[in-house]
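Report on the structure given below.
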Amino acid sequence: MDPEYRFSHKHVLGLADLSSEDIQAVLQTAESFKEISARSIKKVPTLRGKTIINFFFEPSTRTRLSFEVAAKRMSADTFNISNSGSSTVKGETLIDTARNLAAMNPDCIILRHPRSGAARLLADHVDVSVINAGDGTHEHPSQGLLDLMTVRQAKGEIAGLKIAIIGDIAHSRVAHSNIIGFSKMGASVTVCGPATLIPPGIEALGAQVSRSVMEAVDGADVIMALRIQKERQQDPLFPSLREYAKFFGVSQKVVDAAKPEVIIMHPGPINRGVELDPKLADGRRSVILEQVTNGVAVRMALIYLIMGGD
Amino acid sequence: MVGRIHLKNGRVIDPANGIDQILDVLIEDGKISAVVQPDTLPEQPDGIVYDLQGKWVVPGLIDMHVHLREPGQEYKETIATGTRAAAAGGFTAVACMPNTKPVNDNQTVTVFIIAKAAEAGFARVYPVGAISSGSTGEHLAEFGELRQAGAVGVTDDGLPVGNSQLMRRALEYAGDHDLLVISHAEELSLSQSGAMNDGPLATRLGLRGIPHVAEEIMVYRDLALAEFTGRPIHIAHVSTRESLALIRRAKKKGVAVTAETAPHYFTLTEKAVDGYNTLAKMNPPLRTEADVAAILEALRDGTLDAIATDHAPHGELDKDMEFDLAANGIIGLETAVPLTLRLVRENRLDARRMVELLSVNPARILGVVGGTLSVGVPADIAVIDPEKKFVFTAESILSKSRNSPFLGWEMQGKAVLTIMDGKITWRQEGDFSS
Ligand SMILES: [Zn+2]
């Protein structure tokens with residue numbers, strides 16, 4: 001990396017805004033932080049006196065906890081605000097609440113929100129760094145970065161790999177960030193799912209679309225299964241979980257069609273037996289728990305870099 | 001009260017009389033009393049004289065699709081502020097949609113609107129009543145009483161009439177009362193709660209898309225019902241290429257269909273929403289380059305009959321929020337002239353056609369006065385300076401709302417004088433009269 005390089009973003013709203021150099025920097029920083037989590041005293045004073053607000057409009061125990069652990073390991077003070085339910089109906093709630101939070105002078109707000117663009121809206125309205133912890137069906141950059149980190153760890157290099165992402169591409173911000181991130185880093189990404197879950201123009205983000213799972217995973221180095229949201233059956237997107245599992249579930253047969261050393265990923269939580277065979281989720285090719293571990297390191301790196309660390 | 005106004009040396013564009021030349025227009029007692037060669041009228045000792053060299057003198061513009069928000073949402077717009085904005089935009093008349101609170105589905109609301117408009121005195125206001133009571137899509141509103149009270153048409157605009165049988169009955173029954181049926185064409189099961197045009201950009205932004213077929217399927221249904229019932233239909237705010245192809249074909253078959261589009265649909269594409277710009281959020285949504293090209297063609301070839309603004313004022317709080325929660329619609333009365341004049345400057349439209357689209361045809365479709373500068377008609381006149389340059393800023397807006405994606409745009413062409421019923425309703429500050 002260029003010795004002159006500095007991570008110069010005030011916010012992390014999506015991988016679309018980050019260059020491959022930025023992504024490198026985050027991954028490198030995360031690698032160096034990973035060791036902290038392996039110590040017996042898992043805490044460094046780096047961000048002592050800094051304040052981070054976890055502002056979660058949508059329930060997500062995993063992501064919230066991961067950010068919180070990341071902040072605490074660097075000695076930052078964290079505050080959690082969750083706001084699920086009726087008060088999110090009016091948009092001014094987001095801006096008003098954010099302005100109130102900003103008035104308390106935090107150093108960073110981490111936002112999870114069910115509406116696409118919410119993190120951008122927040123960043124436009126408050127003078128505080130914003131990390132997008134998932135906005136609607138737009139992006140989930142920290143998840144994308146932790147997936148990149150996990151793959152790099154397992155494979156050494158991201159460029160040249162073939163990544164197959166199977167499942168609900170249309171409603172998955174994880175898929176969006178992964179397609180953008182992996183293709184920026186030189187991997188090829190193939191997506192597959194029922195046609196009803198493949199949105200128009202996904203190619204523009206950098207993905208190839210495959211109509212069959214077997215074809216999608218052919219020669220793949222990485223298979224990523226996405227969570228199928230059971231409530232999507234209301235909108236006629238697929239007939240039943242049973243049929244979905246049969247045609248788009250990642251099974252042993254699917255894995256056999258990929259490269260022998262293929263790794264299996266899932267952003268969690270898993271519907272076992274729907275998008276992923278339970279044996280595979282816990283099997284030797286699975287890196288699902290490493291994803292969780294790397295999540296903390298990546299989030300430490302993001303918080304650190306955004307607060308001007310170098 | 002001004003008795004006499006003498007408009008000298010303007011370029012009079014009056015397609016209804018086949019006129020496009022430098023002439024003088026004289027207004028007396030609220031009516032046009034003479035349209036003659038320059039320097040042939042004796043100097044008038046009283047009254048006002050404007051020398052309009054380089055300006056256009058056209059029949060007052062008529063916007064057949066606006067939302068005035070009163071009664072019910074006066075914080076967004078009132079009949080007074082909306083019609084004042086209309087006058088500033090060169091409009092002498094507007095037709096206002098019934099999605100007020102309460103809905104204009106009865107004579108009381110219609111009478112109220114007309115009274116408020118008369119009190120304000122800025123423009124003629126033609127209320128459009130609801131097709132269904134409460135615009136709930138269930139029962140026909142009382143068309144007869146709406147017409148008697150002064151309504152000129154019916155629509156559930158803002159919402160489509162989902163029930164085909166109800167739409168058929170509306171067309172049939174509107175015929176008894178000489179009301180124009182206006183279709184807001186949208187198949188709700190396809191548009192759902194979409195926030196922008198369906199396609200790659202919506203995918204990238206993670207926003208739910210409204211596919212163009214959501215409009216086209218309903219356009220097809222309403223054209224089929226118009227043909228079946230033998231009754232005229234007007235398609236509001238057409239935004240897609242295929243809708244226009246359907247309308248063109250129906251016109252060729254002799255179906256009594258008229259159609260409008262709005263300046264934003266021929267000026268902007270969906271790209272305007274990138275970055276979650278809620279000022280570019282509207283329904284139907286901004287579409288693609290190909291749709292814009294089709295609209296330009298349809299404005300020229302007559303498939304589209306009118307340019308209407310779909311003026312939809314909203315408060316700041318209605319727009320300053322998450323994109324998919326933000327209100328649909330933009331204001332349009334004060335930008336229609338410059339945005340349409342752009343097309344004239346780029347030779348995509350000629351001046352005569354512009355006047356037809358903004359005045360002659362809306363008058364004919366609605367069956368109201370205006371659209372001509374014939375001697376003896378009420379003096380509804382717009383004077384347009386096609387050269388005047390200005391920056392469209394929030395401060396310059398006369399509408400109560402500021403929700404326009406054109407804020408900060410450098411514009412050229414503006415209404416500098418508007419006369420309704422012989423009275424000056426708008427006069428550009430500064431000396432526009434050369
Ligand atoms: Zn409408």
Side-chain angles (χ1 to χ4, degrees), chain A residues 13-17 57-58 88-99 111 113-125 132 134-141 169-177 179-180 191 197-207 209 234-237, chain B residues 73 75-76 187-214 240 269-281 285-291 314-329 403 407:
Chain A
L13 306 180
L15 293 193
D17 310 326
F57 264 80
E58 204 180 49
T88 63
V89 174
K90 275 282 173 196
E92 54 264 38
T93 313
L94 171 63
I95 294 172
D96 283 350
T97 316
R99 282 186 177 139
L111 179 74
H113 199 280
R115 306 283 170 182
S116 299
R120 163 80 71 104
L121 185 68
L122 188 70
D124 287 347
H125 280 84
N132 180 10
D135 63 329
T137 53
H138 174 226
E139 277 222 48
H140 193 351
I169 310 299
H171 302 95
S172 173
R173 52 195 171 211
V174 175
H176 282 198
S177 289
I179 292 167
I180 295 166
V191 299
L197 297 178
I198 304 290
I202 194 70
E203 297 88 347
L205 295 188
V209 178
Q234 318 284 314
D235 193 357
L237 290 168
Chain B
Q73 292 185 303
Y75 77 96
K76 296 182 176 185
E187 171 51 49
L188 281 178
S189 67
L190 282 168
S191 60
Q192 291 203 5
S193 43
M196 66 171 292
N197 187 44
D198 196 28
L201 185 60
T203 295
R204 173 154 73 74
L205 293 173
L207 293 172
R208 176 167 258 203
I210 301 173
H212 54 87
V213 289
T240 85
T269 67
E270 60 176 359
K271 288 196 190 97
V273 312
D274 202 358
Y276 304 99
N277 179 14
T278 57
L279 290 177
K281 187 185 179 198
L286 295 172
R287 307 283 188 183
T288 66
E289 305 274 357
D291 296 299
H314 289 293
E316 212 170 306
L317 289 180
D318 302 301
K319 283 289 192 183
D320 208 1
M321 61 170 77
E322 299 92 310
F323 192 89
D324 54 357
L325 294 178
N328 278 314
N403 54 310
L407 291 174

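Note on naming: letters A, B, ... go to the chains in the order of the sequence lines (proteins, then strands), and numbering restarts at 1 for each one.
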Handout entry: Heavy-atom pair with the smallest gap, counting every atom of Asp198(B) and Pro200(A)
Key = OD1-CG, 3.9 Å
Practice task
For residues His138(A) and Phe323(B), establish whether the separation of their ring centroids is below 6.0 Å.
Solution key: no
Problem - Non-hydrogen side-chain atoms of Leu325(B) and Arg115(A) separated by less than 4.5 Å - result: yes
Handout entry: Minimum side-chain heavy-atom gap Arg208(B)-Thr137(A) below 4.5 Å
Key = no
Problem - From CA spacing to verdict: side chain to side chain contact (heavy atoms under 4.5 Å, CB included), Ser116(A), Leu205(B) - result: CA-CA 7 Å; Ser116(A) 299; Leu205(B) 293 173; 5.9 Å; no
Exercise for the section: Take atom CD of Glu316(B) as the centre, draw a 6.0 Å sphere, and report whether it contains more than 12 heavy atoms from other residues, nucleotides or ligands. Expected result: no
Completion exercise
Heavy-atom nearest pair, Ile95(A) first then Asp320(B), reads CD1-O, 3.1 Å
Problem - Residue pair Leu121(A) / Glu322(B): nearest heavy atoms and the distance that separates them - result: CD2-N, 3.4 Å
Fill in the blank from the handout: Output for pair (Glu139(A) CD, Arg204(B) CZ), nearest 0.5 Å, gives 10.0 Å
Exercise for the section: Side chain from CB out, backbone as N, CA, C, O: work out which of these in Leu205(A) comes under 4.5 Å of a heavy atom of chain B, or both, or neither. Expected result: side chain
Exercise for the section: Name the member of Ala202(B), Ala195(B), Gly206(B), Gly199(B) that forms the most heavy-atom pairs with chain A at distances under 4.5 Å. Expected result: Gly206(B)
